[in-house]
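By convention here, the first residue in the shown sequence is residue 1. Counting starts at 1 for both ligands and their atoms, in listed order. Values below: all heavy atoms of this structure, side chains included; hydrogens, waters and symmetry mates excluded.
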Amino acid sequence: MNAAITIDKSTCKVCGTCGDVCPSHIMYKQKDLKIMNIHGERIQFCVKCGQCMAVCPTSSVKIDGLSYEKDFVPLPEGGPFEDAFYKMIMSRRSVRNFKDRPVPREMLAKIADAITYSPPSVPPIKTEITIVQNSEVIRQALPTMIEMYNTLIKGMENPIIRMFIKKSAGPEKFKLLVSHVIPSMKDRMPELKSGAEDTIMRRAPAMIVFHADRKSDNYQIDIYIAITFGILAAHSLGLGATIIELIPPAIEREKDLRKLFCIPDGNEVVAAMIVGYPKYRYQRAVRRKLKNVTWI
Ligand SMILES: Cc1cc2nc3c(=O)[nH]c(=O)nc-3n(C[C@H](O)[C@H](O)[C@H](O)COP(=O)(O)O)c2cc1C
């Protein structure tokens with residue numbers, strides 16, 4: 001994480017903004033010398049978020065590994081964005097009914113680009129994605145997914161296998177399996193097996209799978225934030241998307257699926273979203289209440 005930080009004194013206006021926005025206040029105004037200086041002992045805390053470079057009016061700060069030309073884009077004027085933002089978040093729903101229409105590659109590329117603007121926790125960036133633009137690949141994966149859930153349902157009925165599942169899933173995931181996943185998959189199994197309905201991937205024309213090196217830090221939370229950007233980006237483009245929690249465990253466990261979705265050996269499949277053109281238009285937004293809100 002050690003980054004070399006330099007400030008071009010010939011252009012720096014000593015406004016101090018870089019140090020103010022830096023999460024660790026690595027830069028500071030040295031008042032007597034009227035220059036920006038660097039707390040050398042804090043350089044180790046630089047997370048290369050790029051805030052200092054993004055805010056500098058004279059492009060005078062330089063973080064090793066970040067380039068003004070390659071890593072930054074000019075921001076459009078404007079804001080606040082409350083109206084547009086609210087319209088967007090209120091109208092977003094999990095879309096599970098799609099038109100039989102492929103999603104153009106450019107649209108998927110835009111979603112992938114939007115995902116890159118999601119905030120990563122600590123460097124380096126760990127999130128990897130597999131963009132599935134060929135619906136045939138999704139169709140091809142379905143039988144293995146069905147088989148995996150069928151085996152899981154059967155395994156849960158055997159006390160010894162159930163114990164192993166509990167151990168490998170961990171308490172939180174196991175609770176979800178018992179309370180929700182297994183009962184609903186049992187219910188869905190006849191239609192899935194007969195081919196009447198795909199209640200896993202919803203016959204989506206496209207899909208994005210999120211994965212990361214399981215040896216890296218904090219990747220799961222990064223991925224959940226990234227996928228949130230992904231579903232919002234899809235919605236902003238007039239597409240519909242849904243996070244499908246049923247997909248990652250199947251790809252994670254099944255060798256054929258790992259290969260089909262090009263998941264590197266050391267990677268954990270953390271999340272997946274299906275994408276397509278929505279078949280229906282929602283007429284109203286749902287108003288939800290949080291469990292609790294405390295004001296202090
Ligand atoms: C982490 C996560 C996992 C989800 N997994 C599934 C899933 O496996 N299948 C599904 O149909 N929807 C899934 N959803 C979508 C939720 O069911 C959905 O967000 C919820 O019902 C609220 O509906 P809305 O998104 O339309 O507001 C998931 C959502 C989240 C946040």
Distance flag for atom 16 (C) of ligand 1, protein heavy atom under 4.0 Å:
yes
Winner among Ile243, Val286, Ile231, Ile227 once heavy atoms are compared against atom 31 (C) of ligand 1
Ile243
Proximity winner for atom 21 (O) of ligand 1, if only heavy atoms of Arg92, Arg96, Arg93 are counted:
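Comparing heavy atoms across Arg92, Arg96, Arg93, the nearest one to atom 21 (O) of ligand 1 lies in Arg96.
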Within a reach of under 6.0 Å around CZ of Arg139, are more than 12 heavy atoms found that belong to other residues, nucleotides or ligands?
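For Arg139, atom CZ is crowded (more than 12 foreign heavy atoms under 6.0 Å).
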Which ligand 1 atoms are under 4.0 Å away from a heavy-atom of [X]?
| X | value |
| --- | --- |
| Leu246 | 8 (O) |
| Ile244 | 5 (N), 6 (C), 7 (C), 8 (O), 9 (N), 10 (C), 11 (O) |
| Arg288 | 22 (C), 23 (O), 24 (P), 27 (O) |

Among all protein heavy atoms, pick the one closest to atom 7 (C) of ligand 1 and tell me residue, atom and distance.
Glu245 N, 3.5 Å
Residue pairs fulfilling ring pair (Phe, Tyr, Trp, His ring centres under 6.0 Å) with at least one residue in residues 63-86, sequence neighbours excluded
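Non-adjacent pairs meeting ring pair (Phe, Tyr, Trp, His ring centres under 6.0 Å): Tyr68-Phe72.
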Tested for side-chain contact (heavy atoms from CB on, under 4.5 Å) against His211, the lone hit among Ile251, Ile129, Ile263, Thr127 is Ile263
The single option from Cys18, Cys56, Cys12 passing side-chain contact (heavy atoms from CB on, under 4.5 Å) against Met27:
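It is Cys18; the other options fail the test.
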Would Arg258 and Glu252 satisfy salt bridge (charged side-chain N to carboxylate O under 4.0 Å, His left out), going step by step from the backbone distance to the final call?
CA-CA 7 Å; Arg258 292 187 75 91; Glu252 177 67 12; 3.3 Å; yes
Is there at least one pair of N or O atoms, one from Ser94 and one from ligand 1, spaced under 3.5 Å apart?
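It does: an N or O of Ser94 is found under 3.5 Å from an N or O of ligand 1.
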In chain order, what residues pass the salt bridge (Lys or Arg N to Asp or Glu O under 4.0 Å) check against Lys186, with sequence neighbours excluded?
Glu157
Under 3.5 Å, is there a donor-acceptor pair linking the side chains of Thr11 and Ser60?
yes
With a heavy-atom distance limit of 4.0 Å, tell me whether Ile247 approaches ligand 1 through its side chain, its backbone, both, or neither.
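Neither; nothing of Ile247 gets under 4.0 Å from ligand 1.
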